[in-house]
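Here is the structure we will look at, set down as C-alpha cells.
By convention in this document, chain letters (A, B, ...) are assigned in the order of the sequence lines, proteins followed by strands, and residues within each chain are numbered from 1.
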Amino acid sequence: MSMSFATWLGALATLAVYSFLYKPNKIFSFFEHIYVGVGAGYGIVFGYNAIVRQGWEPMLKGKGILIVPMILGVLLFTRFFKSVNWVSRLPLAFLVGLGAALSMKAIESDFLVQIRATMIPWSSLNSILLVLGTVSALAYFFFTFPDNKAVRSTALFGRWFLMAAFGAAFGNAVMGRISLVIGELQFLFKDWIHLIK
Amino acid sequence: MNFLMRLDRRWLYVIVFIVILWPLIVPMGIPFRVSPGTMDAFKVIDSVKPGETVLMSIDYSVGGSPDIDPQAQAVFRYLMKKNVKVVLVAFVDQGVQFAEKMISQQETLGKKYGEDFVNLGFVAGVEVAISAFAENIPKVFPKDNRGNSIDSLPIMKGITSVKDFKLVTEFATGIPGPAEWIRQVGTKYKVPIVSGVVTVMYPQSLPYVQSKQLAGLMGGLRGAAEFEKASKTPGLATAAMDAQSMGHLAIVLFIVLGNIAYQMEKRRPVQK
C-alpha cells in the first residue's frame, strides 16, 4: 500500500466521488465542493501569475504599451457595478473583434481545405463513401429546396450517414468514459494499494 | 426478461467495475491493431532525428487526463529515448502540472532540464495566445515555468518562432485542440502537426487527417496503446486495452439485453 499522503488523499477523494453511484450523500457533496474550490483557487493563482509574468513585470521593464491590455482587462470588471457596467462592453468588443479576426483563418483551414479534401478520385470504396456521405448529409440540410423525389431520396440517404456518424460518436463517447474508469482503477489498484503489478 | 426492466442500475455499475478491474489484475493479452492515424503519427514522430527540437503542447485538464495523459507520456518517453529535444508548453492552466510531472520523471533518469527539455509554462488567451506564441516565442515567454530566462537555456538557442520546430505535437481535451492549432499554426507556418485527442473528440478530428492538415492523429487511451505498440515501448496504456475491450463487451451486452427487454415489454398485451 502507498505511503504517500498525496496518493491517499487522491484515493479517498476518488472513492468519495464514486460513492455517488450508490446514492447522493454528504461525503460526495463535501468532496465535490472541495474539488470546485481547489479548481477555482488553482485558476486564480495561474491567472494572477500570468498577469504578473506576461503583463506587469515586462511593463515595469519598459514595455509601456502593455498598459493598454491591462487597462482593458480591468475594465471587464466594471460589469459588476451597475452605474458603469456599460464600460465593460469596450474590452468585450475588442475581444470579439480579435476573436473574429483570428477565426478568419478558418475560411481556409476549415472550409476551403476541407472542400478540396472531398474532391478526391473515386478510386476506392472509402473515397466513394466519403463523397456520397458528404453530399447526401448536406442535402439533408436543404430546407429551402423544392420538395422533389431526388432531394428527398438524397436527404434520406444522408440521414443514414448522419445516424452512422452519431453511432460512431456515441461509441467513442462510451470508449472515452471507460478509459476514464480504467485510469481511476489503475490509480486506486496500482498506485494506492499496489494490487496491479 | 421482466426483471431486466426493473433491475437496479447499481448492479450494472458493479458488473462494469468487475469486468474492467479483472483484466487489469490478470492481463488477458487480447490482440489489437494500430490504426492508420496512429501509425502516421508514429512515422512522423519517428522521423525526427536526435538533436532536433519538437514542441509538445499539453492542453488537457485533470478531468480528461486518464484518457490522454498516457498518450503524451508515451510520445514524450519515445522522444527522450531518441534523444530528441522537447519544448513543452500549455495553453490550458492544468497542463503545466502534467508537463512538470513528465519532465521530473526524466530528470531522475539523467536527462537535463534546459538541454533535453524545457517547460515554458502556461499562457492565457487560448487561440490568441497560440497565434502570438507561434509568431514570437521569446516575446510570449521571456521566462520558463521555473523562472529561468529563455535566453539562458541552451535548448532555446535558435528558436524564435514555431517554424523552428521540426514537429508540433499537441494533446487536447477540448479547446484549444486540433482545429485551433491548424488555424493558427498549420495554415500559416506549414509545420507538421500531430494531434492527440480524448476519445470523444476523435471522430470530429478525423477530417483533418483526411485533408492532410494533421500529419497524424491519436484518439484517447486506445491511441496511447497503439503508439506504445508501434514504438515497441509497452506501458500502462497497453496494459489497459484488455480492460477496455471487456468494458465494451459489457456495454454491448447491456445495450442488446436492454433492447430485447424493451421490445418484449412493448409487445406484451396490456392487462385490463
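When B/Lys139, B/Lys143, B/Gln94 are compared by the number of non-hydrogen pairs under 4.5 Å with chain A, B/Gln94 comes out ahead. Ranked by heavy-atom pairs under 4.5 Å with chain B, the list A/Ser103, A/Pro58, A/Ala106, A/Ala168 is led by A/Ala106. Looking only at heavy-atom pairs under 4.5 Å with chain B, the residue among A/Asp110, A/Ile120, A/Thr118, A/Leu95 that has the most is A/Asp110. Looking only at heavy-atom pairs under 4.5 Å with chain A, the residue among B/Ile182, B/Val123, B/Ile68 that has the most is B/Val123. Per-residue counts of heavy-atom pairs under 4.5 Å with chain A were compared for B/Leu21, B/Val16, B/Val252, B/Asp69; the largest is that of B/Leu21. Among A/Lys23, A/Glu108, A/Glu184, A/Arg53, the residue with the largest count of heavy-atom pairs under 4.5 Å with chain B is A/Arg53. Taking B/Val14, B/Asp67, B/Ile20, B/Val198 one by one and counting their heavy-atom pairs under 4.5 Å with chain A, the maximum is reached by B/Asp67.
Contact annotation for B/Leu236: both backbone and side-chain heavy atoms come within less than 4.5 Å of a heavy atom of chain A. Interface remark: A/Leu188 contributes no atoms to any contact with chain B (heavy atom separation under 4.5 Å). Neither the backbone nor the side chain of B/Gln204 comes within less than 4.5 Å of any heavy atom in chain A. Contact annotation for A/Arg177: only side-chain heavy atoms (C-beta onward) come within less than 4.5 Å of a heavy atom of chain B. Contacts of B/Phe122 with chain A are made by both backbone and side-chain atoms, with heavy-atom separations under 4.5 Å. For a residue to count as touching a neighbouring chain, one of its non-hydrogen atoms must lie under 4.5 Å from one of that chain's; by this rule B/Gln213 touches chain A with the side chain only. For A/Leu98, the part sitting under 4.5 Å from any heavy atom of chain B is the side chain, from C-beta outward, and nothing else. Heavy atoms closer than 4.5 Å to chain A are found in the side chain of B/Arg10, but not in its backbone. Neither the backbone nor the side chain of A/Tyr18 has a heavy atom closer than 4.5 Å to any heavy atom of chain B. With a 4.5 angstrom heavy-atom cutoff, A/Val113 touches chain B via backbone and side-chain atoms both. Heavy-atom distances place both the backbone and the side chain of B/Tyr208 under 4.5 Å from chain A. Within the 4.5 angstrom heavy-atom criterion, only side-chain atoms of A/Leu130, from C-beta onward, approach chain B. In this structure, chain A has no heavy atom under 4.5 Å from any part of B/Glu180.
Taking the six-membered ring for Trp and the full ring otherwise, the centers of B/Phe91 and B/Trp181 sit less than 6.0 Å from each other. A centroid separation of less than 6.0 Å is found between the aromatic rings of A/Phe46 and A/Tyr42. Aromatic ring centres of A/Phe157 and A/Phe161: separated by under 6.0 Å.
Counting non-hydrogen atoms of neighbouring residues, nucleotides and ligands closer than 6.0 angstrom, the CZ atom of A/Phe142 exceeds 12 such neighbours. For B/Tyr189, the OH atom is densely surrounded, since the number of other residues' heavy atoms within 6.0 Å is greater than 12. More than 12 heavy atoms of other shown residues, nucleotides or ligands fall within 6.0 angstrom of atom CZ in B/Phe32.
A/Gln114 and B/Ser211 are linked by a side-chain donor-acceptor pair at a separation below 3.5 angstrom, with hydrogens and angles left out of the test. Under the 3.5 Å distance criterion, with hydrogens and angles disregarded, no donor-acceptor pair is assigned to the side chains of B/Asp242 and B/Trp22. For the residue pair A/Ser127 and A/Ser124, a side-chain donor N or O sits within less than 3.5 Å of a side-chain acceptor on the partner. Residues A/Asn25 and A/Ser19 bring a donor and an acceptor atom of their side chains to less than 3.5 Å of each other.
To the nearest 0.5 Å, the span separating NZ on B/Lys188 from OG on B/Ser131 amounts to 6.0 Å.
With sequence neighbours excluded, the residues that form a side chain to side chain donor-acceptor pair (under 3.5 Å) with B/Thr38 are B/Ser35, B/Glu226.
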